[in-house]
Amino acid sequence: MSLKRLLLTALTLLAIMLSGLSLFASWQKPQFQSRLELYQTNIVLQAQAWQPEDSNDESFQALRAAIVGDKPLESAAKQYLEARESVKTNLDKTKNQLDKFRAQDITAVTPAKPLPNEPLQTKTSPQQQQKELEKSISKLRKLRDELDLRLGILQAQQGETDKAQTTWSQVQEPSETEFTATANVLSGLWSNPPRLLPNAQPLIQKNLEGWFRSTALTQLYQLQQRQAALADVQAAQQAAATDAVFKLALIATIPSLTAFIGLILLIALIIQLLLKGGESILATNAQKPWSTPWNVETILQVFVLGFFLMGQLFIPELLNLLPIPRSSDNVRVQAFSVLVSYVLVALGAFSVLYFSIKRYFPLPEDWFRFRFFSNWFFWGLGGYCTALPIVVIVSLINQQLWNGQGGSNPLLQLALESRDDVALGIFFFTAAIAAPFFEEFLFRGFLLPSLTRYLPVWSAIFLSSLLFAAAHLSLSEILPLTALGMVLGIVYTRSRNLLAPMLLHGLWNSGTLLSLFLLGSNN
């Protein structure tokens, strides 16, 4: 065995180990979906307050039920109770980790390397790790108390004042937080007889948002008999409710309509395949492999050295040398850090790809094709429509399998909680433009065709899709991303034009980000 082959084998094993550790670490992390459901619950709560002039009309009642459901308060309370239990579980786990960490002699512990799926973190000492655990506990306690404030309001609005008082009392038990005074205010508002505490209004406005804030202020102004202030908050609530209804309609209608069109298109394509066989659209280039001049060593070299190790080892080390405050709470800095990291990984991967296949130039004509004057737009748009129902069905099954665990892409959380236009613009460029170009060029443009030298086209599509999903380093996303990757692979193998899967990928990420922006802007 040559030295180059021996080194490549060692690097491949290292990449597999690092990726495996990252996937295993994601198994213990909560899914992003649970947080997303809370945001959607909040917007539903605002929408259920919608009362136009013809609110007694039967058609309105049917429309309202279709948008917010039959029992929005009960559903919301259930969601918040489940979220509260999840946070409590994570808090207990983190406390146990901190207790075990404190029990060790931290001066004798070797500093740990950062997790591979957290490339923006710098190397941390044991003391810094302890501080991070303490910071996590503080954040989880704050989140738990915030959930208790909101859950209590939901219970009070359903007439369960005793449960609400118990929920608010839990904010005060473990430790004093910034929400303790707010819990006392809410407890007083729904007591019998009521108790009006000083600074009630500023505390409510500071620590509550959306429907929860307007509901608490309504209760306060009614008790204070401030009719003008009550009228103002009710008018603002109606305006927010109208806006929430519009956003829910966008979030639900556009994807549903797209999925419906995709389902019809998918059925039509399958029927055409059954009737016409090799002359159908789906059969176009279905069994036609690429002419691949390089062997498996080049494939491994590009992906092990240029993608996995570049993203998990080399670029993180390089970022440690750059003066970027990666631990900043500024969302613009976080967005810029993500973009810089992504661009550097892409440049590194493209460099390795270029030097790995340079000696095979000129390449056969069907490699890395960008044909603007062809039917790529229809392949990309049609692929997006058909991918939506497929991935939604797979995602529903996937949620049942993982039960809220398995991790998620951290970029989604940042995009959801960001309310800064500049940061949102950076996130959009990263996810909807940079990611589709880089990932499609590498996975569909290079990996999939390269695999056809050793595998049938269908097998190459599946294996490249599985690696595409695994590269995102979240166990809970492997099944949905594999399904998406297979649609991307089918679109590319049939169209033989990289613009088609890039368009599909860009539409997919854009639709996801649009939903996150709409949900996040209402909380």
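- Evaluation of the ring pair (Phe, Tyr, Trp, His ring centres under 6.0 Å) rule for Phe361 yields Tyr354 as partners, not counting sequence neighbours.
- A search for ring pair (Phe, Tyr, Trp, His ring centres under 6.0 Å) contacts involving Phe468 returns Phe443, His472, His505, not counting sequence neighbours.
- With respect to Lys142 and Glu146, no salt bridge is recorded, no charged nitrogen being found less than 4.0 Å from a carboxylate O.
- For residues 389-401, there are no salt bridge (Lys or Arg N to Asp or Glu O under 4.0 Å) pairs, not counting sequence neighbours.
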Practice problem: Test ring-ring contact (aromatic ring centres under 6.0 Å, His included) on Phe441 and Phe446 and set out the steps. | Solution: CA-CA 7 Å; Phe441 198 95; Phe446 172 76; 9.1 Å; no
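- Taking the ring centre of Trp367 as origin, the terminal cationic atom of Arg496 falls outside the region bounded by 6.0 Å and 45° from the ring axis.
- Judged as a side chain to side chain donor-acceptor pair (under 3.5 Å), and not counting sequence neighbours, Thr284 has no contacts.
- Heavy atoms of other residues, nucleotides or ligands lying less than 6.0 angstrom from CZ of Phe377 number 12 at most.
- Taking Ile16 as the reference, Thr12 meet the side-chain contact (heavy atoms from CB on, under 4.5 Å) condition, with sequence neighbours excluded.
- Within a 6.0 Å radius of CZ in Phe368, more than 12 heavy atoms belonging to other residues, nucleotides or ligands are found.
- Every pair passing salt bridge (Lys or Arg N to Asp or Glu O under 4.0 Å) that includes a residue from residues 436-447 is listed here, sequence neighbours excluded: Glu440-Arg444.
- Take Leu507 and apply the side-chain contact (heavy atoms from CB on, under 4.5 Å) test, not counting sequence neighbours, and it matches Leu381, Tyr384, Leu503.
- To the nearest 0.5 angstrom, Leu479 atom CG is 5.0 Å from Asn398 atom CG.
- Checked against ring pair (Phe, Tyr, Trp, His ring centres under 6.0 Å), Tyr342 has the following partners two or more places apart in sequence or in another chain: Phe438.
- In Leu7, the CG atom is crowded: over 12 heavy atoms of neighbouring residues, nucleotides or ligands sit closer than 6.0 Å.
- Applying the salt bridge (Lys or Arg N to Asp or Glu O under 4.0 Å) test to pairs two or more places apart or on separate chains, those with a residue in residues 287-306 are Arg5-Glu297.
- Side-chain contact check for Thr493 and Asn285: no donor-acceptor pair (N or O, by modelled atom type) lies under 3.5 Å.
- For Phe355, the ring pair (Phe, Tyr, Trp, His ring centres under 6.0 Å) test picks out no residue, with sequence neighbours left out.
- The residues Lys88 and Asp92 are annotated as salt-bridged, a charged nitrogen and a carboxylate oxygen being separated by less than 4.0 angstrom.
- The number of heavy-atom neighbours closer than 6.0 Å to CZ of Phe350, taken from other residues, nucleotides and ligands shown, is above 12.
- Relative ring orientation between Phe372 and Trp376 is described as perpendicular, the plane-to-plane angle rising above 60° on a 0-90° scale split at 30° and 60°.
- A donor-acceptor pair shorter than 3.5 Å can be found between the side chains of Gln301 and Ser356.
- For Ser459, the side-chain contact (heavy atoms from CB on, under 4.5 Å) test picks out Leu455, Pro456, with sequence neighbours left out.
- For the pair Ile478 and Ala469, the tightest heavy-atom approach, listed with the atom from each and the gap, is O-CB, 3.4 Å.
- A 6.0 Å sphere centred on CZ of Phe246 holds no more than 12 heavy atoms belonging to other residues, nucleotides or ligands.
- The distance from the CZ atom of Phe260 to the CG atom of Leu388 is 13.5 Å, given to the nearest 0.5 Å.
- Electrostatic pairing of Asp145 and Arg141 does not count as a salt bridge here, judged by no charged N lying under 4.0 Å from a carboxylate O.
- Within a 6.0 Å radius of OH in Tyr454, other residues, nucleotides and ligands contribute more than 12 heavy atoms.
- For Ala387, the side-chain contact (heavy atoms from CB on, under 4.5 Å) criterion is met by Leu484, Val487, Trp508, not counting sequence neighbours.
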